[in-house]
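Presented below is the structure to which this report refers.
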Amino acid sequence: MKPFTQINGLVCPLDRANVDTDAIIPKQFLKSIKRSGFGPNLFDEWRYLDHGEPGMDNSVRPTNPDFVLNFPRFRGAEVLLARENFGCGSSREHAPWAIEDYGFRALIAPSFADIFFNNCFKNGLLPIVQPAEVVDQLFSEAAQSEGYRLSIDLQAQTVTTPSGQSFPFEITAHRKHCLLNGLDEIGLTLAHADEIRAFEAAHQQRQPWLFV
Amino acid sequence: MKAQTLYDKLWQSHVVREEEDGTCLIYIDRHLVHEVTSPQAFEGLRLAQRQPWRNHSIVATADHNTPTDHWDEGIKDPISRQQVETLDANIKAFGALAYFPFKDLRQGIVHVVGPENGATLPGMTVVCGDSHTSTHGAFGALAHGIGTSEVEHVMATQTLVAKQSKAMLVKVEGQLGRGVTAKDVALAIIGRIGTAGGTGYAVEFGGSAIRSLSMEGRMTLCNMAIEAGARAGMVAVDQITIDYVKGRPFAPTGATWDQAVAYWRTLVSDEGAVFDNVVELRAEDIEPQVTWGTSPEQVVSVGARVPNPANEADPVKKGSAERALQYMGLSADTPISQIAIDKVFIGSCTNSRIEDLRAAAAIARGRTKAGNVKLAMVVPGSGLVKAQAEAEGLDKIFIAAGFEWREPGCSMCLAMNADRLEPGERCASTSNRNFEGRQGQGGRTHLVSPEMAAAAAIAGHFVDVRTFA
Ligand code: SF4
């Protein structure tokens, strides 16, 4: 996993609430047995005018000029600004895979759906929750000034606007540690294998029917 | 001792270790696996040369990609077939307690298969790379969906890294009226608290209306907890739970059964346990529900009209409503009962159990599907549900009414197989998500109960099943 320390990234505002994972990556792309290559199909139904299927050459498909991701001014964006309940719906990790593969590194919204939120951290993506007023402000600033960038510093846990206004954000110590160092969580957990084994033995004593 | 919620009990009995910031390692008892979210996890194990920690925690089936007709022809779509065959190979290589492959009598939707085989038991932690894992909370279990990295983590370590959520109690007191089902309760709750209303919470459903629900109804309700944004949904254990579990293939027997039951009976919230949030609904106020938009919270009673976005004060909600009406091809203030439909889908992990099929068949019996309804399909949740329904003659009732009787699977709930809506087609669906494109690109989904779906198929438009004589 790519470590996340700090970025100064171009912001792309996606002004819709309840953006679901079906919209982020439609189901036909879930048939892949790989973990990579989903970026070109991020927001497929909104981004292209035709119907996308796996295996198509996306570079020749007609794009929707009205969809924000296709605006030339947002090309190369690394920060996705979103509305409430972003990432709701299916648990598909293909959603953060697609977002990450496209080139985003961080997301900012008033709230995220739970499973999506968890999935981001496993893939080097930083989802940041900010109060609705702050998100409103960022939306209007991003709309007004072309090339609007935000500085995100994970160590300091801050989002800073071009004018120097800084907003703190929260993250658990464990997630911060993993993200800053790009750590594989399984390896970390297996360092506690003895504790897991001890728990398991006691658990089996208490509830033997769980172990068939 | 401090009074505990059911959620506290389930959580605390599975904590392996806790960090200072509250991050815990939680032991996982049951790992349900299907073909869509597992290949990358098995691949990860292989690359790291790891073995499953306890492969007997795994129960697997193929459901999302499998066709619902012409099983003799196999899976025609080569990419779908590859995914199902990859699961076959992975289970063969890594092992499992049980695997119900494509065409097996016990194959079906993973959330139907787990409970009916007794692979979901009270007091368990249950995970699956699928958001509707919340279904299993109906058994007084702690059950929730996980992503593929977490699927790999559970396989490799038998644990999950997680923090305890807040606890919410959704209480429904009173008696549900005739024609009002668990599905309507679920939609009414989501209509009340919103699709993000449960975010950060594990929800316990309680109150006399919930206690009176069958296990099938409780599963429908917990299934939809995720649509309210909750991490998990759950219902306390009672005699209904225990009676359902008894005698199922993976349920304990003999002396172990008695020991298990004694423990399971403690899986209720203690008197005086404190919840972080309590939401109360009156059962008598809940009417049959129909969604009109592209989010499950965009829902009204069948007797109502499509809301007018002009009356919405919140600008974000207003924008969503306008976009939803446009996508759904609906005008504000149209009576719900005047909305004509093209297709009907009775199935999905929300409403494909035997009780759902019985309820739909009771409406379809002796009637015929309306001419404007191009397709009404009934897709049982599993091979066992299908066999049971056929033993009761339900298939004949459906077929006589002009419905199609299919093989089990996820089918048009998410349209990953050949079952899907064409652009602009309108569907009365017993599934759980009405998102844009969910049932096929450009398809328009209205979520309803099985009774309401069957009634809509007969009438050709939505109709209040209570007036449907
Ligand atoms: S029936 Fe639908 S919601 Fe349920 S597991 Fe299958 S695709 Fe998911």
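For chain B, the nearby parts of H174(A) are the backbone and the side chain; heavy atoms of each come within less than 4.5 Å. Only the backbone of I146(B) has a heavy atom closer than 4.5 Å to any heavy atom of chain A. Contacts between N432(B) and chain A at a heavy-atom distance below 4.5 Å are absent for every atom of the residue. Contacts of A193(A) with chain B are made by both backbone and side-chain atoms, with heavy-atom separations under 4.5 Å. Contacts between F116(A) and chain B at a heavy-atom distance below 4.5 Å are absent for every atom of the residue. Heavy atoms of A173(A) lying under 4.5 Å from chain B belong to its backbone as well as its side chain. Residue contact with chain A, scored on non-hydrogen atoms closer than 4.5 Å, involves the side chain of R433(B) exclusively. Only the side chain of T159(B) has a heavy atom closer than 4.5 Å to any heavy atom of chain A. Both the backbone and the side chain of T256(B) come within less than 4.5 Å of a heavy atom in chain A. Using a 4.5 Å cut-off between heavy atoms, S80(B) touches chain A through backbone and side chain atoms alike. Residue contact with chain A, scored on non-hydrogen atoms closer than 4.5 Å, involves the backbone and the side chain of E152(B) alike. Neither the backbone nor the side chain of E43(B) has a heavy atom closer than 4.5 Å to any heavy atom of chain A. Of the atoms belonging to N123(A), it is side-chain heavy atoms, and not backbone ones, that fall under 4.5 Å from chain B. In this structure, the portions of Q259(B) lying under 4.5 Å from any heavy atom of chain A include both its backbone and its side chain. Using a 4.5 Å cut-off between heavy atoms, R30(B) does not touch chain A at all. Proximity to chain B is limited to the side chain of Q207(A), based on heavy atoms less than 4.5 angstrom apart. In this structure, the portions of K27(A) lying under 4.5 Å from any heavy atom of chain B include both its backbone and its side chain.
The side-chain contact (heavy atoms from CB on, under 4.5 Å) test with I33(A) singles out one residue from Q82(B), E35(B), E85(B), and that residue is Q82(B). Among K166(B), R231(B), K163(B), the single residue meeting the salt bridge (Lys or Arg N to Asp or Glu O under 4.0 Å) criterion with D114(A) is R231(B).
Closest approach of Q83(B) to L30(A), counting heavy atoms only: NE2-O, 2.6 Å. When every heavy atom of H56(B) is checked against every heavy atom of V212(A), the shortest pair comes out as ND1-O, 3.1 Å. Across every non-hydrogen atom of A156(B) and I186(A), the tightest pair is CB-CG2, 3.7 Å. When every heavy atom of R35(A) is checked against every heavy atom of S149(B), the shortest pair comes out as NH1-OG, 3.5 Å.
Here the side chains of E19(B) and T172(A) are not in contact, with every heavy-atom distance at 4.5 Å or above. Put simply, the side chain of K122(A) does not reach to within 4.5 Å of the side chain of H153(B), judged on heavy atoms. Side-chain contact between V316(B) and D15(A) is absent, with no heavy atoms from C-beta onward closer than 4.5 Å. T189(A) has its side chain within reach of V161(B): a pair of non-hydrogen atoms, C-beta onward, lies under 4.5 Å apart. Side-chain contact between R323(B) and R16(A) is present, with heavy atoms from C-beta onward closer than 4.5 Å. F250(B) is not listed as a side-chain neighbour of W209(A), based on a closest heavy-atom distance of 4.5 Å or more. Side-chain contact between T148(B) and W97(A) is present, with at least one heavy-atom pair separated by less than 4.5 Å. The shortest side-chain heavy-atom distance between C88(A) and T195(B) does not fall under the 4.5 Å cut-off.
With respect to D29(B) and R206(A), no salt bridge is recorded, no charged nitrogen being found less than 4.0 Å from a carboxylate O. Using a 4.0 Å cut-off between a side-chain N of Lys or Arg and a carboxylate O of Asp or Glu, K317(B) and E84(A) do not qualify as a salt bridge.
For the residue pair T37(B) / E93(A), no side-chain donor-acceptor distance below 3.5 Å is found, with atom types taken as modelled. Side chains of E200(A) and W53(B): a donor-acceptor N/O pair is present below 3.5 angstrom, by distance only. Side-chain N/O atoms of H51(A) and Q441(B) include a donor and acceptor closer than 3.5 Å. For D130(B) and S91(A), the side-chain atoms include no donor-acceptor pair closer than 3.5 Å.
In terms of heavy-atom pairs under 4.5 angstrom with chain A, the leader among V15(B), T133(B), T199(B), L121(B) is V15(B). Interface summary for chain A: among S320(B), A415(B), G200(B), the most heavy-atom pairs under 4.5 angstrom belong to A415(B). Ranking G437(B), S13(B), P39(B), G147(B) against chain A, the residue ahead of the rest is G147(B), based on heavy-atom pairs under 4.5 Å. Highest contact tally toward chain B, considering only H94(A), R197(A), R175(A), is held by R197(A) [criterion: heavy-atom pairs under 4.5 Å]. Ranked by heavy-atom pairs under 4.5 Å with chain A, the list E297(B), H14(B), H64(B) is led by H14(B). Across T21(A), N118(A), L210(A), I196(A), the residue that shares the most heavy-atom pairs under 4.5 angstrom with chain B is I196(A). When each of F117(A), F211(A), F112(A) is checked for heavy-atom pairs under 4.5 Å with chain B, F211(A) comes out on top. When H192(A), R83(A), K34(A) are compared by the number of non-hydrogen pairs under 4.5 Å with chain B, H192(A) comes out ahead.
For the atom pair CG of D20(A) and CZ of F435(B), the computed distance is 4.5 Å after rounding to the nearest 0.5 Å. In this structure, CZ in R438(B) is found 6.5 Å from OG in S90(A), a value given to the nearest 0.5 Å. To the nearest 0.5 Å, the span separating CD on E150(B) from CD1 on I115(A) amounts to 8.0 Å.
A tilted orientation is assigned to the rings of F199(A) and Y27(B), their planes being inclined by 30° to 60°.
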Query raised in the report: Please walk me through it: do K31(A) and D77(B) pass side-chain contact (heavy atoms from CB on, under 4.5 Å)?
Result: CA-CA 10 Å; K31(A) 294 179 184 179; D77(B) 175 352; 2.6 Å; yes

